[in-house]
Asks: 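Please find one structure pasted underneath; my questions will follow.
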Amino acid sequence: MPLIEYENLHLLNQPLFDDYRLAFDEVMTSGWYVLGRSVKNFEQSWARYCGTQYCTGVANGLDALTLSLKACQFAPGDEVLVPSNTYIATILSIVQNQLKPVLVEPELSTYNIDPAAIEAKINSKTRAILVVHLYGKLCNMEAINAIAAKKGLIVIEDCAQAHGAHYKGRKAGNWGSLAAHSFYPTKNLGAMGDAGAVTGNDAALDATIRTLRNYGSKIKYENEQVGVNSRLDEIQAALLTVKLKWLDAIIAHKRTLASLYLEGLKEDFIKPVVQDDYFDVYHIFNIRHPKRDALKKYLLEHQIQTEIHYPLAPNRQHAMKGILDDQPTPLADIIHNTTLSLPISFFHTADDISRVIETMNRF
Ligand SMILES: *Cc1c(COP(=O)(O)O)cnc(C)c1O
């Protein structure tokens, strides 16, 4: 039996290769390789897609997060609320701004930050809620924005896993004061290298991000701020503009595969919830099972690759000693110990998914 890979970036991108070659050729022959027409085009296209007024391209998703927090000009030691079960990048962006990450537990039903758990973590030092639309499902942004408005907090979104997802018709990237996007190759809108962006509707914040990403400079050789070099690469921007035309088809395919899993998998597996008002894009399709490790091994013996997102909660990482290890997170631990991500890429067929389902239902 052939191996069903968890992901294969060659196969995923293959239908786009001809268009990619044309886009690459255009940048190559233009002779303009940094912050040129391709970056501008992509920024406009991505803002339009997200429904925002502004978009600034940056080098990667971590920079998008780090610069978003930096643009808010919080004081060292200020606190930022963040879900306890996120990917480490979200936490690093807080730590690297000399801010304190305060972990908020997720809902076990959606894996997203639990609005009901937020208020208990707010104190006089709290400045922002950094939400993460994990696995491709939006957080309950109405509830979160209402708490933020009541308490005078800024909301920033980590949209790395949620390109094209929406809640009540409003897309990821259009709910917070700023929203960070990663176009890492495995994301739904993945580049062929590192890339990222920040979207939003605040002209002043966008101008700050734009300045910070390019040495703190608006006018050449005039530096207003202590900036960094985090420019979106011109070639990646050209490729992303090509891929953006495919994004809705990629999402539609993944949603079809997800519906097969949702219908076909037996009830022993805890499946992702489907809720009214939420359009989920299944960056990852995860199930939970108490014998997760045995299940993973069994599937591999049957030529099916799976992944774990993520094996260890951020507060259990060595790098977070002295930073997060005084904040226990039992719900995050449950998720990290039981979650398993099933194949759900653009190149997978309905037959692939049927084989995964049949094999799993025999476990
Ligand atoms: C991928 C990812 C990031 C980081 O993106 P990079 O482009 O790799 O820096 C941040 N947050 C989440 C939730 C992610 O999945």
Side-chain angles (χ1 to χ4, degrees), residues 6-7 9 12 42 46 55-70 80-97 101 103-104 106 110-113 128-139 141 155-165 172-173 175-176 178-199 209 213 228-233 235-237 239-240 243 254 280-286 307-315 317 319-320 324 332 335-336 339 341 344-345:
Y6 179 74
E7 183 58 285
L9 294 174
L12 159 61
F42 176 69
W46 188 235
C55 170
T56 296
V58 297
N60 55 62
L62 175 58
D63 282 2
L65 287 161
T66 308
L67 294 179
S68 294
L69 283 168
K70 193 174 164 83
V80 177
L81 307 186
V82 65
S84 55
N85 58 324
T86 186
Y87 178 59
I88 196 75
T90 326
I91 310 278
L92 289 175
S93 71
I94 300 171
V95 173
Q96 282 168 1
N97 275 290
L103 302 177
V104 180
T110 64
Y111 310 116
N112 278 331
I113 190 166
I129 311 172
L130 176 39
V131 300
V132 183
H133 310 304
L134 205 67
Y135 302 155
K137 173 193 273 302
L138 261 83
C139 300
M141 292 310 298
V155 173
I156 297 173
E157 302 170 70
D158 181 341
C159 302
Q161 304 193 359
H163 303 143
W175 286 91
L178 288 169
H181 306 262
S182 162
F183 307 115
Y184 184 79
T186 59
K187 314 289 190 192
N188 281 358
L189 181 63
M192 303 198 86
D194 280 309
V198 179
T199 56
I209 300 279
R213 73 154 176 200
V228 296
N229 177 350
S230 180
R231 299 177 294 230
L232 171 59
D233 184 78
I235 290 171
Q236 296 304 333
L239 301 178
L240 283 166
K243 193 154 197 182
K254 295 183 87 160
D280 308 329
V281 297
Y282 299 101
H283 166 61
I284 281 162
F285 188 96
N286 83 311
E307 289 281 343
I308 296 171
H309 298 96
Y310 299 91
L312 211 55
N315 58 351
Q317 299 286 353
M320 291 297 138
L324 292 181
I335 295 169
H336 289 82
T339 193
S341 307
I344 188 160
S345 183

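Just so it is clear, the model here is predicted, and its values are computed rather than measured. Atom set for the values below is all heavy atoms of this structure, side chains included, hydrogens, waters and symmetry mates excluded. Just follow the structure's listing: the first ligand is 1, and inside any ligand the first atom is 1.
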Asks: At what distance is the nearest protein heavy atom to atom 8 (O) of ligand 1, and which residue and atom is it?
Replies: Tyr184 CD1, 3.8 Å
Asks: Ignoring hydrogens and geometry, is there a side-chain-to-backbone donor-acceptor pair from Thr199 to Gly173 under 3.5 Å?
Replies: yes
Asks: Should the proximity of Asp63 to ligand 1, defined as any heavy atom under 4.0 Å, be assigned to the side chain, the backbone, both, or neither?
Replies: neither
Asks: Indicate the ring-plane relationship of Trp46 and His181, choosing parallel, tilted or perpendicular according to the 30° and 60° boundaries.
Replies: perpendicular
Asks: Would you say the side-chain atoms of Glu157 pair up with the backbone N or O of Gly176, donor to acceptor, closer than 3.5 Å?
Replies: yes
Asks: Does ligand 1 have an atom under 4.0 Å from some heavy atom of Lys187?
Replies: yes
Asks: Run the numbers for me: atoms of ligand 1, each under 4.0 Å from some heavy atom of Val132, listed by number.
Replies: 13 (C)
Asks: Run through Ile91, Asn315, Leu312 and flag the one making a side chain to side chain contact (heavy atoms under 4.5 Å, CB included) with Met320.
Replies: Ile91
Asks: Quick check on side chain to side chain contact (heavy atoms under 4.5 Å, CB included): which of Leu67, Leu62, Thr66 does Ser230 satisfy it with?
Replies: Leu67
Asks: Any atoms of ligand 1 less than 4.0 Å from a non-hydrogen atom of Leu62? List them with their elements.
Replies: 5 (O), 6 (P), 9 (O)
Asks: Going by the atom numbers of ligand 1, which of them fall below 4.0 Å from some non-hydrogen atom of Ala89?
Replies: 3 (C), 4 (C), 10 (C)
Asks: Take a 6.0 Å sphere around OH of Tyr87 and say whether it holds more than 12 heavy atoms from other residues, nucleotides or ligands.
Replies: no
Asks: Is the shortest N/O to N/O distance between Asp194 and ligand 1 below 3.5 Å?
Replies: no
Asks: Is there at least one pair of N or O atoms, one from Gln161 and one from ligand 1, spaced under 3.5 Å apart?
Replies: yes
Asks: How are the rings of His336 and Tyr310 set to each other: parallel, tilted or perpendicular (split at 30° and 60°)?
Replies: tilted
Asks: How far is atom 11 (N) of ligand 1 from the closest protein heavy atom, and which atom is that?
Replies: Asp158 OD2, 2.7 Å
Asks: Considering non-hydrogen atoms of the protein only, which is the closest contact for atom 5 (O) of ligand 1, and what is the distance?
Replies: Ser182 OG, 3.1 Å
